Amino acid sequence: MSTHLVWFRADLRLHDNLALAAACRDPRAQVLALFIATPQQWAAHAMAPRQAAYIAAQLNALRQALAEKNIPLVFHEVADFAASVEVVHDVCQTHGVTHLFYNYQYEFNERQRDAAVERRLTNTVCQGFDDSVILAPGAVMTGSQEMYKVFTPYKNAWLRRLQAHMPECVRAPERRDAPTVTAGETLNFTYPQQPFDAMLFPADEKAAIAQLRHFCQQQAAEYEAQRDFPAMEGTSRLSACLAVGVLSPRQCLHRLLAEQPEALNGGAGSVWLNELIWREFYRHLLTYYPALCKHRPFIAWTDRVRWNPAQKAFIAWQKGETGYPIVDAAMRQLNETGWMHNRLRMIVASFLVKDLLINWREGERYFMSQLVDGCLAANNGGWQWAASTGTDAAPYFRIFNPTTQGERFDKNGEFIRRWLPELAAVPEKAIHQPWVWADKQGRTLAYPRPIVDHAQARVATLAAYEAAKKSEA
Ligand SMILES: Cc1cc2nc3c(=O)[nH]c(=O)nc-3n(C[C@H](O)[C@H](O)[C@H](O)COP(=O)(O)OP(=O)(O)OC[C@H]3O[C@@H](n4cnc5c(N)ncnc54)[C@H](O)[C@@H]3O)c2cc1C
């Protein structure tokens, strides 16, 4: 009899899980599941304690759901990836595993680990799947078989490819004809954990599917009009589910097309589809350019920018005490919930890099340490976009003005007031420059003055980037 082992990593779900479905295809096979926590590895990547708590919750829900299918989940905790290779080997030996099934992860260390596992398992057939993307890396290439470096042509090619090869979702496995499995005690790992808000991030697969359905039915058509305004609930808030694999992007695609059939033709819902394609773009890039995983910039000369080592300013940014209300409200949202609206991610990233001239890698790491949806590809892509070091990034001379960004995207200061109670007394029209108002009134505020003058910072940043660019010649 064959014994199939499904190694779960960032794919904590039953539905549309390619590795799980393949492992369960033969009804006679015995099926086991495995999850390995690697706290030391997670710490090296500054994984947020909120994300660790999210993974723990999803893992327990998955274990219960697997038990209902009579699939036992084996859990181990080891320090790092090197040790996890040995665990997989030992589990295969102990249980006489004939076939190992897993879904690919595209980050450099993860790929090295998987290659090591495949080398180590000489008596086990190993099969990997492109599960965390709609189209596999390598499926969307230029005519000369290169990875696209610019998003729009990539997107057009991606859509053409999708229409020619629409991937279907696979079903959750049937209950297996095997001894009854009980889920057992709650699993946990030693990594620090911080509670996440289950109202904001679906606590299990069922809740995630319900949230996806609700968004696609009720909100996707309005997404284009609402997505840039952080005071509105205009986006799906599914990023944490997608990051740890409680939902697959194929489920998102098919639910969107079921509710908004014109999304593929540029109609209602197409802007949301665009975001799913950005997600794929960054994942494909990471696979094609593994140096991105080592935080190398895409544009080499930007590595010569002389960054400001200012620790005080960096801490003020982290705490949301820069004196720029939109930046501070955003950072407090991040610190308190583990999530930040996309428009605000762009604003605070631009502020850190282009107003404070602090190395984008510091911001990238800080985001990872806080985000419940932290994901290397999207986070690195977002930071390199904002810092103008990435492929198809904002040009280096494009510098957001944090005051006018606030005025445009949080006109009445509704979002700012939600996160900065110390500005409660400031009238609506003054909310984006509270100190200008306070000085005129002869008042003091329990809120910092701007830590940097935007106009001066802009000039200094342009000079720093231009000096780096010139030194290339
Ligand atoms: C500096 C910076 C850092 C970021 N870090 C992360 C990160 O660590 N993890 C993460 O998932 N996203 C990251 N993003 C992308 C984006 O901000 C979030 O995906 C989005 O805000 C999540 O909210 P949502 O689920 O409501 O998104 P929606 O607007 O509903 O979008 C749907 C899904 O598409 C994907 N998506 C949306 N926008 C992007 C994008 N620009 N790039 C890649 N994928 C996208 C996400 O999976 C998201 O859940 C970052 C963006 C910036 C500018």
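Both ligands and their constituent atoms are indexed starting at 1 by order of listing. Owing to the predicted nature of the structure, the values given are computational and were not obtained by experimental measurement. We count residues from 1, following the sequence as given.
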Ligand 1 contacted by A386 (non-hydrogen, < 4.0 Å): no
Sub-3.5 Å N/O-N/O distance, W278 and ligand 1: no
Lys NZ or Arg CZ of R283 over Y106 ring: under 6.0 Å, within 45°: no
Parallel, tilted or perpendicular, as decided by the 30° and 60° cut-offs, for the rings of F215 and W272: tilted
Sub-3.5 Å N/O-N/O distance, L238 and ligand 1: yes
Geometric class of the F367/W317 ring pair [parallel <30°, tilted 30-60°, perpendicular >60°]: parallel
Non-hydrogen atom of F281 closer than 4.0 Å to ligand 1: no
Distance-only N or O hit between ligand 1 and E275, under 3.5 Å: yes
Heavy atoms of other groups near E321 CD, more than 12 under 6.0 Å: yes
Within-shell test, F215 vs ligand 1, heavy atom, strictly < 4.0 Å: no
Nitrogen or oxygen atoms of H341 and ligand 1 under 3.5 Å apart: no
Ligand 1 N/O within reach of W383 N/O, cut-off under 3.5 Å: no
Per-atom contacts of ligand 1 with R237, taking only distances under 4.0 Å to non-hydrogen atoms: 24 (P), 25 (O), 26 (O)
Under-4.0 Å heavy-atom contact with ligand 1, by part of W385 that carries it: neither
Parallel, tilted or perpendicular, as decided by the 30° and 60° cut-offs, for the rings of W278 and F281: perpendicular
Under-4.0 Å heavy-atom contact with ligand 1, by part of N342 that carries it: both
Plane angle bin for F75 and F35 - parallel if under 30°, tilted between 30 and 60°, otherwise perpendicular: parallel
Sub-3.5 Å N/O-N/O distance, C375 and ligand 1: yes
4.0 Å heavy-atom contact, M340 with ligand 1: yes
Pairwise side-chain contact, P402 with H454, heavy-atom cut-off 4.5 Å (strictly under): yes
